[in-house]
Amino acid sequence: MAFQPNDNSGVDRDLIIRTVLAEAGPNASANEQAAVAHVILNRLKVGSAGGYADNVSGVLHQRNAFESWANQRGQNYPMKYGPNSPTYPAVAKIVDGVLSGSIPDPTGGAD
């Protein structure tokens with residue numbers, strides 16, 4: 001089943017793309033990048049029952065969840081990436097594949 005972001009503005013998708021770039025790195029393999037996106041979705045699936053938020057922003061900003069969001073001055077702060085970043089479009093395709101369900105979860109459901 002494909003994941004449908006909570007908003008129609010594209011904000012959730014953009015936040016996931018930026019997190020994948022920051023956490024996996026722009027030079028990571030497609031499989032590694034897909035793994036980060038799937039972990040985000042897996043946390044959304046278990047939601048509050050698993051101790052996670054029920055929305056993308058909440059999952060990403062949860063304490064000790066994604067280190068890249070914790071340090072705004074860090075080298076890998078997700079907001080340093082954006083649609084004009086050279087690797088953003090390639091990662092966007094991977095995230096879109098994860099969101100549509102066409103890229104299987106390489107983590108086996110890890111959250």
Side chain of Asp105, backbone of His38: donor and acceptor closer than 3.5 Å?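 No: the side chain of Asp105 does not pair with the backbone of His38.
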
Check: Ser29 side chain, Glu32 main-chain N or O, donor-acceptor pair, under 3.5 Å: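 Checked: pair present.
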
Does anything in residues 59-75 form a salt bridge (charged side-chain N to carboxylate O under 4.0 Å, His left out)? List the pairs, not counting sequence neighbours.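 Non-adjacent pairs meeting salt bridge (charged side-chain N to carboxylate O under 4.0 Å, His left out): zero.
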
Could you pull out all residues at least two apart from Ser102 that satisfy side chain to side chain donor-acceptor pair (under 3.5 Å)?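 So Ser102 forms a side chain to side chain donor-acceptor pair (under 3.5 Å) with Ser100.
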
All side chain to side chain donor-acceptor pair (under 3.5 Å) counterparts of Asp111, not counting sequence neighbours: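 Side chain to side chain donor-acceptor pair (under 3.5 Å) list for Asp111, sorted by chain: empty.
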
Among Arg18, Glu23, Gln75, side chain to side chain contact (heavy atoms under 4.5 Å, CB included) partner for Ser68: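 The single option meeting the side chain to side chain contact (heavy atoms under 4.5 Å, CB included) with Ser68 is Glu23.
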
Return a table of donor-acceptor pairs under 3.5 angstrom between the side chains of residues 78-98 and protein atoms on other chains or two or more places apart.
from  : atom 1 : to    : atom 2 : distance (Å)
Lys80 : NZ     : Gly74 : O      : 2.8
Ser85 : OG     : Gly82 : N      : 2.9
Ser85 : OG     : Gly82 : O      : 3.1
Tyr88 : OH     : Asp14 : OD1    : 2.4
Asp96 : OD1    : Arg13 : NE     : 2.6
Asp96 : OD2    : Arg13 : NH2    : 3.0

Within this structure, what is the CG-CG distance for the pair Leu44 and Asn55, rounded to the nearest 0.5 Å?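 Between atom CG of Leu44 and atom CG of Asn55 there are 7.5 Å.
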
About how many Å separate OG1 of Thr19 and CG of Leu60, when rounded to the nearest 0.5 Å?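 If we round to the nearest 0.5 Å, Leu60:CG and Thr19:OG1 are 4.0 Å apart.
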
Are side-chain heavy atoms of Leu99 and Leu41 found at a separation under 4.5 Å?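 Answer yes - side chains close enough.
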
Below 4.5 Å, heavy atoms only, C-beta onward: do Ile103 and Asn31 meet side chain to side chain?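 No; the side chains remain at least 4.5 Å from each other.
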
According to ring-ring contact (aromatic ring centres under 6.0 Å, His included), does anything in residues 47-71 pair up with another residue at least two apart or in another chain? List the pairs.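 Applying ring-ring contact (aromatic ring centres under 6.0 Å, His included) to every pair that reaches into residues 47-71, excluding sequence neighbours, yields His61-Trp69, Trp69-Tyr77.
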
